[in-house]
Amino acid sequence: MNGFDSLPVDVETMRATAARVLADDTGLPTADELETLVLMYRGHLMVLIPEIGRVALGRPEGDADVVAAWAGVGEARRRLDAVGDGGFPREVAHARRLARSVVCLLGHLENLCGRREAFAAHHYPTTQLAASRARTDCRKFLLACGIPVDDDFAEELTLVVDELITNAVTHGRVPGTTGRQVRLTIAHTDGVFRVEVRDTQSDKMPQLKKAGVEDGGGRGLALVDALVSTWGVVSEVIGKTVWAEKAIPAQKPT
């Protein structure tokens, strides 16, 4: 039995409650419901914070997952101390920040207990909508891994995904073909996120080059190169895979 089995936490209920203000397909809660939700989120966080401390006991000093979890705890505490006063829109924004911290800490807790999702794969058609959908999927995966979507790391990794998918849709499509031809995979192992984007075009290999002032494009890979730890290209039997890895920066526990 691992630590997760003994947690006094209803993970699914907490995640479903947080989705009430975070999901794209739900309307705004009423003022009374919002007040109740805020109280629930605060209660969830007050349970999750000490639980993370309990589970983290005995882990090696400097453990990357523990350090990341304590960073999330610090952010959650700051949000608990904040007051969402100033009208309904600000109350909604405050509730969403608390809900994001709930989902974030759940991700850290599941990770520390060996139950966090560590891999995701998605397929997209070669259309302009692919990049938007990939950004959304990347943010969902990061949030499930305990990384807040407004964190600098999350924003940078999402930008990397956006650039790689955009390049695949723009340059990796086989003319005259349709269908789901771009595949995105995201994996997380020991504090390192690996992104892979595969397309079906074999004769156009991406190259890092310096775009001129007058160039309308060409800066995508330069941006990726600046944001990630390492990246590369692998030729496939059909098409190619562009991959990039980005490590979570070391942070001091709060």
Side-chain angles (χ1 to χ4, degrees), residues 15 18-19 21-25 64-65 68-69 71-72 75-76 79 93 96-97 99-108 110-111 116-172 180-199 206 208 211 217-233 241-251:
R15 188 165 277 127
V21 295
L22 296 179
D24 296 331
D25 57 352
D65 290 330
E75 182 62 27
R79 289 174 174 175
R96 284 174 174 163
R97 286 190 289 270
R100 289 191 186 102
S101 280
V102 169
V103 177
C104 174
L105 294 193
L106 284 172
H108 285 305
E110 290 175 316
N111 177 56
R116 189 176 65 188
E117 178 182 19
F119 179 84
H122 305 276
H123 291 80
Y124 311 107
T126 51
T127 68
Q128 293 181 347
L129 293 176
S132 175
R133 289 174 55 186
R135 290 194 301 271
T136 298
D137 290 332
C138 179
R139 293 186 183 109
K140 288 180 179 178
F141 181 79
L142 285 164
L143 196 56
C145 290
I147 308 295
V149 295
D150 53 358
D151 183 86
D152 289 343
F153 179 89
E155 291 180 354
E156 290 176 1
L157 190 68
T158 302
L159 183 55
V160 169
V161 168
D162 178 87
E163 291 293 341
L164 294 182
I165 290 291
T166 298
N167 284 346
V169 170
T170 304
H171 305 293
R180 295 177 177 269
Q181 298 182 338
V182 177
R183 182 176 190 261
L184 166 69
T185 61
I186 312 175
H188 175 221
T189 306
D190 296 330
V192 176
F193 284 81
R194 181 181 176 93
V195 173
E196 296 184 358
V197 175
R198 181 174 180 176
D199 61 53
L208 181 63
R219 297 179 176 83
L221 278 181
L223 181 60
V224 170
D225 183 67
L227 291 177
V228 302
S229 308
T230 182
W231 69 277
V233 185
T241 297
V242 183
W243 61 268
E245 292 184 350
K246 185 174 179 64
I248 300 175
Q251 302 180 47

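Reckoned from all heavy atoms, side chains included, excluding hydrogens, waters and symmetry mates.
Note: Phe193 and Phe141 have perpendicular aromatic rings, judged against thresholds of 30 and 60 degrees for the angle between ring planes.
What you find for Arg183 and Ala121 is that their closest heavy atoms are NH2-CB, 3.8 Å. Pairing each heavy atom of Gly72 with each of Cys104, the nearest pair is CA-SG, 4.4 Å. Considering all non-hydrogen atoms of both residues, Ala168 and Val197 come closest at CB-CG1, 3.8 Å. The nearest pair of heavy atoms linking Pro249 to Phe153 is CD-CD1, 3.7 Å. Here the closest heavy-atom approach between residue Ser229 and residue Ala247 is recorded as OG-N, 3.3 Å.
Considering only heavy atoms from C-beta on, Arg96 comes within 4.5 Å of Leu22 through its side chain. Between Val149 and Leu142 the shortest side-chain heavy-atom distance does not fall below 4.5 Å. Using a 4.5 Å heavy-atom threshold, the side chains of Pro125 and Arg133 count as touching. For the pair Trp231 and Val195, the minimum side-chain heavy-atom distance is 4.5 Å or more. Here the side chains of Ile186 and Cys138 are in contact, with some heavy-atom distance below 4.5 Å. Side-chain atoms of Val224 and Leu159, non-hydrogen and from C-beta on, never get closer than 4.5 Å to each other. Two residues are said to be in side-chain contact when any heavy atoms from C-beta on lie closer than 4.5 Å; Ile165 and Leu184 meet this criterion.
Of the inter-residue distances, the one linking Arg100 atom CZ with Leu105 atom CG reads 14.0 Å to the nearest 0.5 angstrom. Note: Asp150 CG to Arg139 CZ = 10.5 Å, rounded to the nearest 0.5 Å. Note that the CG atom of Asp199 and the OG1 atom of Thr241 stand 8.0 Å from one another [nearest 0.5 Å]. From Leu157, atom CG reaches atom CG of Asp162 across 11.5 Å, with rounding to the nearest 0.5 Å. Atom OG1 of Thr185 is separated from atom NE2 of His123 by 9.0 Å, given to the nearest 0.5 angstrom. Atom NZ of residue Lys140 and atom CZ of residue Arg135 lie 13.5 Å apart, to the nearest 0.5 angstrom.
In this structure a side-chain-to-backbone donor-acceptor pair under 3.5 Å is missing from Thr126 to Val169. Arg194 places no side-chain N or O within 3.5 Å of a backbone atom of Ala187 that could act as its donor or acceptor partner. Side-chain N or O atoms of Thr136 include one that pairs as donor or acceptor with a backbone N or O of Ser132 at under 3.5 Å. Not a single donor-acceptor pair under 3.5 Å links the side chain of Lys246 to the backbone N or O of Val192.
Salt bridge Glu110/Arg15: present, at least one basic N to carboxylate O contact under 4.0 Å. Here Arg198 does not pair with Glu196 in a salt bridge; the nearest charged N to carboxylate O distance is not below 4.0 Å.
Between Arg79 and Ser101, the side chains place a donor N or O and an acceptor N or O closer than 3.5 Å (distance only, hydrogens not considered).
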Criterion side-chain contact (heavy atoms from CB on, under 4.5 Å) on Glu155 and Asp152, from CA distance to verdict: CA-CA 5 Å; Glu155 291 180 354; Asp152 289 343; 4.1 Å; yes

